[in-house]
Asks: 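Mind having a look at this structure? Questions to follow.
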2 protein chains.
Amino acid sequence: MSASERVVPEGARRRRRPTKQGTVLSEQLIVETALRLIGEHGAAALTVRRLGAALGCDPSALYRYFRDTDELLLAVADELIGRTLRTWRPTGDWRADLRTLGLRMHADYLAHPQAATLTCARVTGRAHEIRSVEAILGVLRGAGFPDAEAVRIYHVFVDQTLSFAALDASTLVLSEQARAQEVQTWPQTYARLPADTHPNIAATAGVLVAEMDRSGYPAALEMVLAAAATRLQHVRTPAL
Amino acid sequence: MSASERVVPEGARRRRRPTKQGTVLSEQLIVETALRLIGEHGAAALTVRRLGAALGCDPSALYRYFRDTDELLLAVADELIGRTLRTWRPTGDWRADLRTLGLRMHADYLAHPQAATLTCARVTGRAHEIRSVEAILGVLRGAGFPDAEAVRIYHVFVDQTLSFAALDASTLVLSEQARAQEVQTWPQTYARLPADTHPNIAATAGVLVAEMDRSGYPAALEMVLAAAATRLQHVRTPAL
DNA sequence: GTTCACACGTCAACGCTGTTGTCATAAGGT
DNA sequence: ACCTTATGACAACAGCGTTGACGTGTGAAC
């Protein structure tokens with residue numbers, strides 16, 4: 001039997017057989033346990049053996065549910081997307097809708113930084129992700145963007161949100177002292193550079209220290225939304 | 001002897017003893033070989049054993065030069081930063097300068113994805129980084145952006161470039177088959193969704209498949225530059 | 001009810017990984 | 001020429017993902 005034939009799709013499962021330790025496995029339970037493991041003990045804690053131990057089953061039992069660890073990771077990623085999307089409702093104002101969705105996705109991923117660094121870059125092709133793509137495209141096309149434009153803006157919006165989430169999450173995962181040192185680099189190193197050798201840094205030192213202390217995502221999102229709005233005006237009033 | 005005591009700083013090395021196969025090790029040679037290994041055989045090829053084999057030495061000999069593989073990767077990353085900025089010269093056209101710098105940084109990081117994913121989020125506070133901050137701020141202030149605005153745009157520009165680089169690099173780090181599957185998800189899964197359940201995806205399927213096949217960074221960069229240009233116009237012609 | 005196919009958990013094993021303790025030896029200051 | 005010790009080699013360990021074989025309990029069929 002090859003590895004891929006070993007996996008039975010979740011919908012087709014009929015026999016639910018408890019493990020030696022009594023737990024009844026399911027795709028849902030495995031994904032939740034994986035997420036919990038990552039949240040409690042860091043991303044490095046997600047190994048097949050540890051996950052098996054946490055679930056009370058043999059590690060190899062997981063291969064009845066996922067072809068390999070990569071597929072398991074995709075399921076974890078999709079679960080995160082689903083949690084974000086579950087409470088979001090579009091209002092009809094495209095700019096406000098994208099703003100709140102972006103900020104919420106960013107925040108939700110940061111709430112699970114270890115999981116975010118592992119999964120932000122992945123295209124899952126699973127249910128929750130598909131729903132989010134459909135929704136965002138709907139918002140943009142409903143606002144009047146032509147198809148090509150809508151797809152391009154969708155791409156920028158989603159990749160920007162995920163990549164900033166991964167970036168910001170990765171700093172949260174650093175060790176306590178590494179993060180502390182990272183934060184202090186701006187006031188300690190940059191704010192003290194002399195004006196004759198580094199005129200631009202010296203002139204903006206105060207603003208620089210304050211700005212670099214927070215995420216650049218909100219400002220980046222605003223700029224992308226502003227550029228999109230400008231583009232929409234051109235589409236609506238062509239050849240002025 | 002503990003692991004950290006085993007490492008001798010590069011400057012303090014006195015005895016250069018050739019390995020059994022004749023090569024004379026050095027921090028520089030190890031870093032270069034690691035970069036070559038990544039470039040030739042992919043990120044997965046960078047293991048201590050393979051690196052040892054490529055260098056003609058026992059894997060454990062590397063631990064005389066780096067405390068662990070993480071420290072080795074940081075050394076590789078540091079080498080990368082230097083290479084990126086070395087050839088860039090501002091022309092005086094702020095928008096073109098930022099465009100070429102962003103695209104070049106993005107490309108250079110992608111050429112060494114393993115190092116990129118590990119280092120994109122770090123603030124080093126070292127010479128190369130400081131020079132880049134000074135240069136970018138100089139471009140923006142020279143273009144006429146007020147200090148607060150210049151810092152804000154610098155933040156967005158640099159974080160967006162690094163985060164997209166990390167995102168795109170992380171897909172290159174995936175195993176061969178995982179990446180292949182990721183690419184096929186758009187034509188195989190998304191392009192086949194029926195129009196009645198997923199009207200927006202179905203309507204844009206063709207454009208979607210083409211768009212998602214490449215990085216969103218160039219488009220994102222253009223949108224940020226466009227938003228910045230609009231902002232600059234407002235600053236130059238206040239209170240119209 | 002009883003039977004029966006097989007889904008699914010378990011076990012053992014493979015080859016890989018990073019890392020370390022110990023030892024031998026050649027380099028280089030004296 | 002000696003002696004210290006830096007440094008490379010060797011062997012071993014624990015842990016990793018993954019697979020093939022095995023047996024047992026389940027749910028369906030009759």
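Here the structure is a predicted model, which means the values were calculated and not measured.
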Asks: Between Ser60(A) and dG9(C), does any side-chain N or O lie under 4.0 Å from OP1 or OP2?
Replies: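 False: Ser60(A) side-chain N/O out of range (4.0 Å or more) of dG9(C) OP1/OP2.
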Asks: Look at all strands and tell whether Thr19(A) reaches a base, only sugar-phosphate, or nothing, counting heavy atoms closer than 4.0 Å.
Replies: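 Here Thr19(A) touches the backbone only, sparing every base.
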Asks: Classify the side chain of Arg64(B) and the base of dG8(D) as holding, or not holding, a donor-acceptor pair under 3.5 Å.
Replies: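 Check passes, donor-acceptor contact within cut-off.
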Asks: Give a yes-or-no answer on whether the side chains of Thr189(A) and Thr185(A) include a donor-acceptor pair shorter than 3.5 Å.
Replies: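 Not at all, the side chains of Thr189(A) and Thr185(A) share no donor-acceptor pair under 3.5 Å.
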Asks: Taking the minimum atom-to-atom distance to the side chain of Thr69(A), which one of dG17(D), dG8(D), dT19(C) wins?
Replies: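 It is dG17(D).
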Asks: Phe66(A) near the nucleic acid: base, sugar-phosphate alone, or nothing, with a heavy-atom cut-off under 4.0 Å?
Replies: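 Here Phe66(A) touches no strand at all.
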Asks: Where the side chain of Asp68(B) is concerned, which of dT7(D), dT18(D), dT19(C) is the nearest nucleotide?
Replies: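 Minimum distance to the Asp68(B) side chain belongs to dT19(C).
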Asks: Give one of base, sugar-phosphate or nothing for Arg49(A), where a contact means two heavy atoms less than 4.0 Å apart.
Replies: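 Answer is base: heavy atoms of Arg49(A) come under 4.0 Å of a base.
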Asks: Check this one for me: any side-chain N or O of Arg6(B) less than 4.0 Å away from OP1 or OP2 of dT19(C)?
Replies: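 False: Arg6(B) side-chain N/O out of range (4.0 Å or more) of dT19(C) OP1/OP2.
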Asks: Of the options dG9(C), dG17(D), dA27(C), whose atoms approach the side-chain atoms of Leu25(A) most closely?
Replies: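 The answer is dG9(C), which lies nearest to the side chain.
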Asks: Output the single nucleotide from dT7(D), dT17(C), dT10(C) whose closest atom is nearest the side chain of Ala61(A).
Replies: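 Among dT7(D), dT17(C), dT10(C), the one nearest the side chain of Ala61(A) is dT10(C).
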Asks: Hey, what's the ring geometry for His106(B) with Tyr217(B), parallel, tilted or perpendicular (30° and 60° as the breaks)?
Replies: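 Taking Tyr217(B) first and then His106(B), their aromatic rings lie parallel (interplane angle under 30°).
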